[in-house]
Amino acid sequence: MLDSLKGKRIYSILNSKCPICHEGDFYVSKNAYDLKNFGKNHTRCSVCDHKFEKETGFFYGAMYVSYALGIALSVALFVATFVLFPETRYYVYIAEILIGLIVFFPLNYRLSRIIWMNLFNHYEANHIKHQHAK
Ligand SMILES: [Zn+2]
């Protein structure tokens, strides 16, 4: 998908690919709604051997990204409802935002981790296998 974007961070993010080589998969399951496995990721890239969790607790930082995505989703839901159904009562907003956050949780979780990883890594076109092995 989106082959013309290869080499850009958005390619790695949208395809859940390794941020270094853009070829190896980051997540074990391709389906965000495979609820048993959606959050499981490989420890190393199968193509370039990049270690995804560069230090212990690295992915705790993804909570900041997750928070931003959650706020963006909540605002989008609020604005869409406000525009389409201006007479909506306040508790409907609260309910729809809570339901939206729950329904999109697996996507949010996966996106926030891969975005966080892409903040600290970039594409290396001439990656060599085992270059990152330590
Ligand atoms: Zn890789």
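In listed order, ligands and their atoms are each counted from 1. These figures come from a predicted structure and were not determined experimentally.
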Point to revise | Stepwise salt bridge (charged side-chain N to carboxylate O under 4.0 Å, His left out) test for Lys6 and Glu23 | key: CA-CA 9 Å; Lys6 192 163 185 185; Glu23 283 175 28; 3.3 Å; yes
Please table the atom pairs, donor to acceptor, closer than 3.5 Å between any side-chain atom in residues 63-78 and protein atoms at least two apart or in another chain.
from: Ser66; atom 1: OG; to: Asn108; atom 2: OD1; distance (Å): 3.0
from: Ser74; atom 1: OG; to: Gly70; atom 2: O; distance (Å): 2.8

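With waters left out, the protein N, O or S atoms under 2.8 Å from the Zn ion (ligand 1) add up to 4.
Annotation: cation-pi geometry satisfied between Arg110 and Tyr27 (NZ/CZ under 6.0 angstrom from ring centroid, within 45° of ring axis).
Between Phe120 and Phe58, the ring center distance clears the sub-6.0 Å criterion.
Sorted by first and then second residue, the side chain to side chain donor-acceptor pair (under 3.5 Å) pairs with a member in residues 75-104 read Thr81-Glu96; sequence neighbours excluded.
Not counting sequence neighbours, Ser16 has no partner by the side chain to side chain donor-acceptor pair (under 3.5 Å) test.
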